[in-house]
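Remarks on the structure that follows.
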Amino acid sequence: MNDWQKKSPLDWQTYVNKQVKISAAEKHEYEGWVLTVDPVSANIVLARFPENEKVVISVVLGHAVQEVEILKEGDDEMEERLSRLFMPEESKAYSPEELEKRKNNLKTWLETNHIPVTEQGESGRTLCVAGVLTVDPPYGPEDCSSSNEIILSRVQSLIQGYLEKQP
């Protein structure tokens, strides 16, 4: 086990959102922004942003890491860019205010149609319909989940119809 693998997850967390240079086994070197470090394998996930190209994601295996040198601290803009890399496209399109408005409008519409709905989760972002189905942001039919396929299908159809009538 190398020094990198002996670090704790809290130690690895200090590398996230920073530009690093990694020296690895067999004289390989890698450079990029640290997205995350796997707490089990110590693998490092890096993102690079070559000019005029799509982002390049690479993984450096934890057992091969010999040294990690921090080159640059990430600013707020870079942290935001990194956090959005694996976010679904729909989620990117809405601001927190827009998501709140979509949630409230859907909740009001469901209640108007006598469908019991509550908010759940620590921030109240998830809608719970009749205690058997949840709707997560951005509150479309594809954001519904339930173990009851019949209810899932019917509520998804209702939400689809509701969204099609929206301006």
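Starting from 1, each residue takes its place in the sequence as its number.
- Y15 and I22 fall within the same hydrophobic cluster, where Ile, Leu, Val, Met, Phe, Trp and Tyr residues are linked whenever their side-chain heavy atoms come under 4.5 Å apart, directly or through other members.
- Nearest approach of A47 to L82, heavy atoms of both residues: CB-CD2, 3.9 Å.
- Considering only heavy atoms from C-beta on, V68 stays 4.5 Å or farther from Y30 through its side chain.
- Heavy atoms of other residues, nucleotides or ligands lying less than 6.0 angstrom from CD of Q166 number more than 12.
- Residue M78 is not grouped with residue V56 when hydrophobic side chains (ILVMFWY) are merged at heavy-atom distances under 4.5 angstrom, including chains of intermediate members.
- K72 contributes atom NZ, which lies 13.0 Å from atom CG of N17 (distance to the nearest 0.5 angstrom).
- Side-chain contact between R81 and W33 is absent, with no heavy atoms from C-beta onward closer than 4.5 Å.
- Side chain of Q156 to backbone of P141: a donor-acceptor contact under 3.5 angstrom is found.
- In this structure, the side chain of D11 engages the main chain of S8 through a donor-acceptor pair within 3.5 Å.
- One finds the CG atom of L35 at 5.0 Å from the CD1 atom of I57 (value rounded to the nearest 0.5 Å).
- Atom CD of Q160 and atom CD of E142 lie 8.0 Å apart (nearest 0.5 Å).
- Looking only at side-chain heavy atoms (C-beta outward), V129 and I151 stay at 4.5 Å or farther from each other.
- For the residue pair I159 and Y139, the shortest heavy atom distance occurs at CG2-O, 4.0 Å.
- Remark: the backbone N or O of G124 is paired with a side-chain donor or acceptor of K103 at under 3.5 angstrom.
- The minimum heavy-atom distance linking N43 with L61 is given by the pair OD1-CA, 3.3 Å.
- In this structure, the side chains of V59 and D38 stay at 4.5 Å or more apart for every pair of heavy atoms.
- Cluster membership check: V34 does not share its hydrophobic cluster with F49, using side-chain heavy-atom separations under 4.5 Å among Ile, Leu, Val, Met, Phe, Trp and Tyr.
- Side-chain atoms of S157 come within 3.5 Å of backbone atoms of S153 as a donor-acceptor pair (strictly under, hydrogens ignored).
- Shown here for A24 and Q66, the closest heavy-atom pair between the two residues is O-OE1, 3.4 Å.
- When all heavy atoms of Y162 and N105 are compared, the closest pair comes out as OH-CB, 3.2 Å.
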Please lay out, stage by stage, how V20 and L46 fare under the test side chain to side chain contact (heavy atoms under 4.5 Å, CB included).
CA-CA 9 Å; V20 297; L46 294 177; 3.8 Å; yes

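- In this structure, CD in E80 is found 9.0 Å from CG in D76, a value given to the nearest 0.5 Å.
- In this structure, L133 and L152 have side chains that are in contact, with non-hydrogen atoms separated by less than 4.5 Å.
- Atom CG of L158 sits about 7.5 Å away from atom CG of N113, to the nearest 0.5 Å.
- Using bins of under 30°, 30° to 60° and over 60° for the plane-to-plane angle, the ring pair W4/W12 lands in the tilted bin.
- Taking CE from M1 and NZ from K7, the interatomic distance works out to 13.5 Å, rounded to the nearest 0.5 Å.
- A salt bridge links K21 with E29: at least one charged nitrogen is closer than 4.0 Å to a carboxylate oxygen.
- Checked against side-chain hydrogen bond (donor to acceptor under 3.5 Å, both in side chains), T112 has no partners two or more places apart in sequence or in another chain.
- In plain terms, the two heavy atoms of Q120 and C128 that are nearest each other are OE1-CB, 3.3 Å.
- More than 12 heavy atoms of other shown residues, nucleotides or ligands fall within 6.0 angstrom of atom CZ in R102.
- Not counting sequence neighbours, the partners of K107 by the side-chain hydrogen bond (donor to acceptor under 3.5 Å, both in side chains) test are E119.
- Looking at residues two or more places apart in sequence or on another chain, you find a salt bridge (Lys or Arg N to Asp or Glu O under 4.0 Å) between K18 and E73.
- Without hydrogens or angle criteria, Q5 side chain to N2 main chain gives a donor-acceptor distance under 3.5 Å.
- A side-chain donor-acceptor contact under 3.5 Å links S146 to the backbone of V132.
- Linking Ile, Leu, Val, Met, Phe, Trp and Tyr residues whenever their side-chain heavy atoms come within less than 4.5 Å places V16 and I70 in a single cluster.
- Hydrophobic clustering (side-chain heavy atoms under 4.5 Å, transitive across Ile, Leu, Val, Met, Phe, Trp, Tyr) keeps V37 apart from V45.
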